[in-house]
Amino acid sequence: MAKKVVKDEIELSKEQKSIIATRKRINRRELESEKVDPFSKYKTITYIFIFLFTPYGLYRIWNKDSTFKYGEKLVYTMIAIIYFITIVNAIFKL
Amino acid sequence: MKDKMMNGILMVAEKLQTNKYMSAIKNAFTALLPIIITGAFCTLISNVVLSTSTSGISLAKVQGFGWLEILNPIFTAANYATLNFMAIGLVILISIELGKHYGKTETVLPVVALACYIALCSTTVSGTVADAAGNDIAYTVVNVLPRNFTNAQGLFMAMFASIIGTELYVKIVDSGKLDISMPETVPANVAKAFNVLFPSIATIIIVATFGFIFEMIFGYTFFEAIAKWIQAPLSNILTGLPGYLFLFWMTTLLWVLGIHGTQVLGPVYQASMLIALDENLAAVTLGEKAPNILNYTFISMFSTVTGAGITGGLIISILILSKREDYKAIAKLSVAPGLFNINETMTFGLPIVLNPVLAIPFMISPIVSATIGYTLTRIGFCEVMSYNVPWTTPPLLGPFLATGGDVKASIAQLLAILASALVYAPFVLISNKQAEIEAQALQQEA
């Protein structure tokens, strides 16, 4: 009959418990509302449209189903407008 | 003693990660990442595919492909809109992130932060231009925002101005001293707009006054002071080999303790390294030699190629030398993600985290790799990396693109990966021995 091996339980020291707790806190998953995910499918497609067809890109940034946070909306709107003005300037050599 | 040290390091890492300013800067840079990558991609396409005037390789220089230059304005415009306005984006994003920390979500907050930033910028550009006879004529252009305030060069000032503006605004609002009480008949949104009116005015005027007094006393602007006293020393430390190696050794140390080291320390080095890369690109565009060997792209090409700790070298060592079936299985699984510089399967699967045998080469390999890359670049074997290439670009292709088409840069990276395989080799043999001893011990117990 096989012998059952009973391992002795090891008591963790105060430092070891602190290490485990600190690591858990540092690596904790951020709340969905706090998490900044710049490469979601919706956002990646929007970035492409900002440069391919800027008005639709702007629509995707600001529509009610948009996943962009407020700060991202401001920054990408600024980028879209500057790009549009620059490309029109370059094409028509204004 | 070892546990005490580990606990101490983790406490510092936690303090860094939970610090409100570091957290705001980190989240802001994360949100800016698509802009940085788009700008980098457009610069690459513009110079390596569409340009007929670049000194490096370009598809448009090949006979029959000259027509590609017609498409250049699209990518130049995209590059301009992204990389040249990074600092503005950073001001807005940091103010919003920091405001969230204080529970302030007013839409006026980023506008106030941006106004504070522009209040500290010089809006006059002076210089000289040669006329037809070769005489220098001085010129002054007023009411413009020079590019060095809005591109990577302005990142440090953007961080300071945004943080100072946001903190000031929050303190003034929280003090309640400038609140305007409106009658109840006034609509809520109008009352809210008036409530933030005086704090906004006060914040912008205080920051503008500070900038004015600073220049009166010291004789140079706040931007110049930050560039001279903070940006330059930090850049000198990080773009010098010892400081760079120490910083990336710290990131691997944090990885070994089970924490995403590059994320925790990212806010410390990102701005400086982006500025260094921006300087390289500016120099290369003018046909000059790129000044900074150590820069943002160098990190992904030599310090984190195949993943933190250069685990591509470990995969090679395991597949050749390891007798452990568990190691071989994980190494085979890690090849595909490793080609895109993702290595979580190795760090948490082997594991390397908290593994004293593999932790040592994990911390040494990036030092060896970066030193090889730096030395080969310094002696002129390969070009300096000047183009921003996404960190997920496969090995060997990345350096080729980052140097504008220098094959020797890919060879340098290959040598660095092979060197890291040699670093890991003895420790893989030790782990073989360890497995044998454990197997013998189990046999004896049975």
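Every chain is numbered from 1, with letters handed out A, B, ... down the list of sequences.
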Trainee: Go through the atoms of Ile87(A) and report whether side chain, backbone, both or neither lie under 4.5 Å from a heavy atom of chain B.
Mentor: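 Both parts, backbone and side chain.
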Trainee: Inspect the surroundings of OH in Tyr42(A) and state if more than 12 heavy atoms from other residues, nucleotides or ligands are less than 6.0 Å away.
Mentor: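 Enclosed: over 12 neighbouring heavy atoms sit under 6.0 Å from OH of Tyr42(A).
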Trainee: Measuring heavy-atom distances to chain A, does Thr82(B) have an atom under 4.5 Å in its side chain, in its backbone, in both, or in neither?
Mentor: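 It is both, since atoms from each part get that close.
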Trainee: Is the shortest side-chain heavy-atom distance between Tyr76(A) and Pro34(B) below 4.5 Å?
Mentor: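 With C-beta onward as the side chain, the pair touches.
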Trainee: For Phe84(A), is it the side chain, the backbone, both or neither that has a heavy atom under 4.5 Å from a heavy atom of chain B?
Mentor: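 No part of Phe84(A) comes within 4.5 Å of chain B.
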Trainee: Do you know which of Asn84(B), Leu33(B), Thr107(B) has the most heavy-atom pairs under 4.5 Å to chain A?
Mentor: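 The residue among Asn84(B), Leu33(B), Thr107(B) with the greatest pair count is Thr107(B).
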Trainee: With only heavy atoms counted, which part of Pro110(B) is less than 4.5 Å from chain A, the side chain, the backbone, both or neither?
Mentor: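 Only the side chain of Pro110(B) comes within 4.5 Å of chain A.
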Trainee: Measure Ile92(B) against the heavy atoms of chain A and call it side chain, backbone, both or neither at under 4.5 Å.
Mentor: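 Ile92(B) touches chain A through side-chain heavy atoms alone.
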Trainee: Does the side chain of Val75(A) reach to within under 4.5 Å of the side chain of Phe85(B), using non-hydrogen atoms?
Mentor: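 The answer is no; the side chains never approach within 4.5 Å.
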Trainee: Check each atom of Ile35(B) against the heavy atoms of chain A and say whether the ones under 4.5 Å are side chain, backbone, both or neither.
Mentor: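 Ile35(B) touches chain A through backbone and side-chain heavy atoms alike.
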Trainee: Taking it one step at a time, do Tyr70(A) and Thr105(B) satisfy side chain to side chain contact (heavy atoms under 4.5 Å, CB included)?
Mentor: CA-CA 10 Å; Tyr70(A) 177 62; Thr105(B) 53; over 6 Å; no
Trainee: Which heavy-atom pair separates Met78(A) from Gly89(B) by the least distance, and what is that distance?
Mentor: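 For Met78(A) and Gly89(B), the tightest heavy-atom pair comes out as CE-N, 4.1 Å.
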Trainee: Quick one: CD1 on Ile74(B) to OG1 on Thr86(A), what's the gap to the nearest 0.5 Å?
Mentor: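 Atom-to-atom, Ile74(B):CD1 and Thr86(A):OG1 are 13.0 Å apart.
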Trainee: Considering only heavy atoms, which portion of Ser95(B) lies under 4.5 Å from any heavy atom of chain A: side chain, backbone, both, or neither?
Mentor: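 Contact with chain A involves no heavy atom of Ser95(B) at all.
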Trainee: By a 4.5 Å heavy-atom criterion (distance strictly below it), what part of Tyr83(A) contacts chain B: side chain, backbone, both, or neither?
Mentor: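 Both backbone and side chain.
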Trainee: Going by heavy atoms in the side chains, are Val111(B) and Leu74(A) under 4.5 Å from each other?
Mentor: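 No; the side chains remain at least 4.5 Å from each other.
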Trainee: Can you tell me how far the CD1 atom of Ile79(A) sits from the CD1 atom of Ile88(B), to the nearest 0.5 Å?
Mentor: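 Reported value, rounded in 0.5 Å steps: 10.0 Å.
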